[in-house]
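Here's the structure we're looking at; comments come further down.
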Amino acid sequence: MARKTSKPTVKQCPACKGTGEVSRAVRVGRKRRHAGEQTGICLGCLGAGEIPADD
């Protein structure tokens, strides 16, 4: 009979709060004025929204 493998325990990524995306401020011009925000992939979880739980 084949062995059952247990799923690795994971927890929600604290940087992106499980969404997989983070927002960064966009600054433009010589005085580096705030022009808005842009979203990008979370580098902590690489867009998965989960990180391995430390047991």
For the OG1 atom of T9 and the CD1 atom of I51, what is their distance to the nearest 0.5 Å?
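Output value for this atom pair is 10.5 Å.
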Starting at NZ of K11, measure out to CD of E50 and round the result to the nearest 0.5 Å.
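Answer rounded to 0.5 Å: 12.0 Å.
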Enumerate, atom names and distances included, each donor-acceptor pair closer than 3.5 Å involving a side-chain atom of residues 15-33, sequence neighbours excluded.
| from | atom 1 | to | atom 2 | distance (Å) |
| --- | --- | --- | --- | --- |
| T19 | OG1 | C16 | O | 2.9 |
| T19 | OG1 | E21 | N | 3.3 |
| T19 | OG1 | E21 | O | 3.2 |
| R27 | NH1 | R32 | O | 3.3 |

